[in-house]
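Below is one structure, written out as structure tokens; comments come after it.
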Amino acid sequence: MRRLAAALLRLVGLLVVGGVCLQLYFLARIALMAVVDPQSTTFQRSEAFRIANEQGRLGWRHEWRDYDEISDHLKRAVIASEDAGFAEHDGVDWDAIEKAWERNQRALERMDRQQQQAEQRARQRPIVLRQPRIVGGSTITQQLAKNLFLSGERHLTRKAQEFVITMMLEAVLDKRRILEIYLNSVEWGDGVFGAEAAAQRYFRTSASRLTPHQAARLAVMLPAPKRYEQRPGSGYLARRTATIVARMGAVQLP
């Protein structure tokens, strides 16, 4: 028994040491980003591998642009669309998370009612309804934390690690640098990463020359860039773009 307890204690100790070392690795990488532009992210590399595996080619469009080389219209549009409280929060917008949770609960409850009604109308053959879209409350910093280092899997451990990395990003980098890295690394289509690649892909222009409408349209694509890449004439995309254009004037840039 004593040997087993000692072995378990050593195992726990190794896991703790390994966890601490992993956090120090993330912290060192983030500290380096204060002065060195990251060349790629975990998400970019995984997408490049997927495209190469599925299509037999290395699909990668990415050109880094410094903060001042990216249109202020795009910065305002992304903040207005993705994270209105970006300049004020400490990396996590608790109010947005609470509202997202409430919306998701209402959507699930509505689905349950619809399922029950459908089964009452067709008792012998229950109808399975489409799952409601789950609304997230992630900030720009949280999205960057996930893209930089983590997988796209949704589980508690990954979310906890995302929270820790988010706090590191906010502690080491200022808001301007966080936004700069985010705009240069976020996905804007199948194999399209960063503001410059997106501006060239959709509007044949540079990231510095985007108009307010073009910037808003790119910002609206962010939650589902691959889908909107295939549906450029989406009515929702047009309506949401107009809404973001109207909100951009009130956004304060870091």
Side-chain angles (χ1 to χ4, degrees), residues 33 36-83 86 138 140-141 143-149 152 173 175-249 251 253-254:
M33 289 178 196
V36 178
D37 302 330
Q39 297 301 304
S40 65
T41 68
T42 295
F43 180 75
Q44 287 173 343
R45 292 189 293 272
S46 67
E47 281 295 289
F49 177 80
R50 178 189 62 79
I51 293 171
N53 188 50
E54 292 178 358
Q55 303 177 20
R57 64 180 181 87
L58 182 60
W60 186 291
R61 298 183 186 180
H62 180 248
E63 295 180 56
W64 181 276
R65 289 294 180 267
D66 292 337
Y67 188 87
D68 293 333
E69 296 177 306
I70 300 174
S71 168
D72 285 349
H73 297 313
L74 183 61
K75 298 166 193 168
R76 291 193 173 93
V78 168
I79 292 174
S81 181
E82 292 289 288
D83 185 4
F86 175 68
S138 294
I140 285 174
T141 314
Q143 294 177 46
L144 179 59
K146 179 182 68 176
N147 290 342
L148 282 172
F149 300 115
L173 307 178
K175 293 285 187 178
R176 178 185 172 108
R177 183 59 169 165
I178 290 172
L179 183 59
E180 179 184 30
I181 297 174
Y182 176 82
L183 290 175
N184 274 288
S185 61
V186 72
E187 181 187 40
W188 253 301
D190 196 25
V192 181
F193 298 99
E196 181 64 24
Q200 295 287 349
R201 165 69 175 82
Y202 297 108
F203 302 113
R204 300 293 187 269
T205 189
S206 66
S208 64
R209 299 174 65 85
L210 288 166
T211 68
H213 184 272
Q214 291 170 341
R217 192 172 181 85
L218 288 179
V220 174
M221 291 178 67
L222 284 177
K226 293 188 183 75
R227 182 173 67 194
Y228 292 125
E229 182 182 30
Q230 299 299 321
R231 299 174 57 193
S234 164
Y236 171 81
L237 189 61
R239 292 190 299 273
R240 179 67 176 168
T241 296
T243 299
I244 296 304
V245 169
R247 293 178 180 176
M248 286 164 55
V251 173
L253 294 179

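Side chains included, hydrogens not; waters and symmetry mates left out as well; all remaining heavy atoms used.
- For E82, there are no salt bridge (charged side-chain N to carboxylate O under 4.0 Å, His left out) partners at least two apart in sequence or on another chain.
- R209 CZ: 12 or fewer foreign heavy atoms inside a 6.0 Å radius.
- The shortest side-chain heavy-atom distance between F86 and I178 falls under the 4.5 Å cut-off.
- For the side-chain hydrogen bond (donor to acceptor under 3.5 Å, both in side chains) test, residues two or more places apart in sequence or in another chain that qualify with E63 are R65.
- Summarising the geometry of I181 relative to M33, their closest heavy-atom pair is CD1-CB, 4.1 Å, with the distance given to 0.1 Å.
- The side-chain hydrogen bond (donor to acceptor under 3.5 Å, both in side chains) test applied to T141 returns E170, not counting sequence neighbours.
- Looking at residues two or more places apart in sequence or on another chain, you find a side chain to side chain contact (heavy atoms under 4.5 Å, CB included) between S208 and S206.
- Without hydrogens or angle criteria, H62 side chain to N184 main chain gives a donor-acceptor distance under 3.5 Å.
- Taking the ring pair (Phe, Tyr, Trp, His ring centres under 6.0 Å) definition, one finds that F149 meets it with F26, sequence neighbours left out.
- In this view, A145 and E162, I165, T166, L169 satisfy the side chain to side chain contact (heavy atoms under 4.5 Å, CB included) rule, not counting sequence neighbours.
- With sequence neighbours excluded, the residues that form a side-chain hydrogen bond (donor to acceptor under 3.5 Å, both in side chains) with D68 are R176.
- With sequence neighbours excluded, no residue forms a salt bridge (charged side-chain N to carboxylate O under 4.0 Å, His left out) with R231.
- Taking the six-membered ring where tryptophan is involved, the planes of Y228 and Y236 are essentially parallel, since the angle between them stays under 30° and well short of 60°.
- In this structure, CZ in F43 is found 13.0 Å from CG in L144, a value given to the nearest 0.5 Å.
- The distance from the CZ atom of R45 to the OG atom of S40 is 4.0 Å, given to the nearest 0.5 Å.
- In this structure, the separation between CZ on R76 and CG on L253 is 4.0 Å, given to the nearest 0.5 Å.
- Remark: side-chain polar atoms of Y202 are paired, donor with acceptor, to backbone N or O of W188 under 3.5 angstrom.
- Using modelled atom types, one side-chain atom of Q200 and one backbone atom of T205 make a donor-acceptor pair closer than 3.5 Å.
- Not a single salt bridge (charged side-chain N to carboxylate O under 4.0 Å, His left out) links R240 to another residue, sequence neighbours left out.
- Checked against side chain to side chain contact (heavy atoms under 4.5 Å, CB included), P212 has the following partners two or more places apart in sequence or in another chain: H73, M248.
- With values rounded to the nearest 0.5 angstrom, L218 atom CG is found 12.5 Å from I244 atom CD1.
- L148 CG to Q44 CD: the interatomic distance, rounded to the nearest 0.5 Å, is 8.5 Å.
- For N147, there are no side-chain hydrogen bond (donor to acceptor under 3.5 Å, both in side chains) partners, not counting sequence neighbours.
- What you find for P38 and R177 is that their closest heavy atoms are CD-NH2, 4.4 Å.
- For R50, the side chain to side chain contact (heavy atoms under 4.5 Å, CB included) partners at least two apart in sequence or on another chain are E47, E54, D190, K226.
- Annotation: the span from L210 atom CG to L74 atom CG amounts to 6.0 Å, rounded to 0.5 Å.
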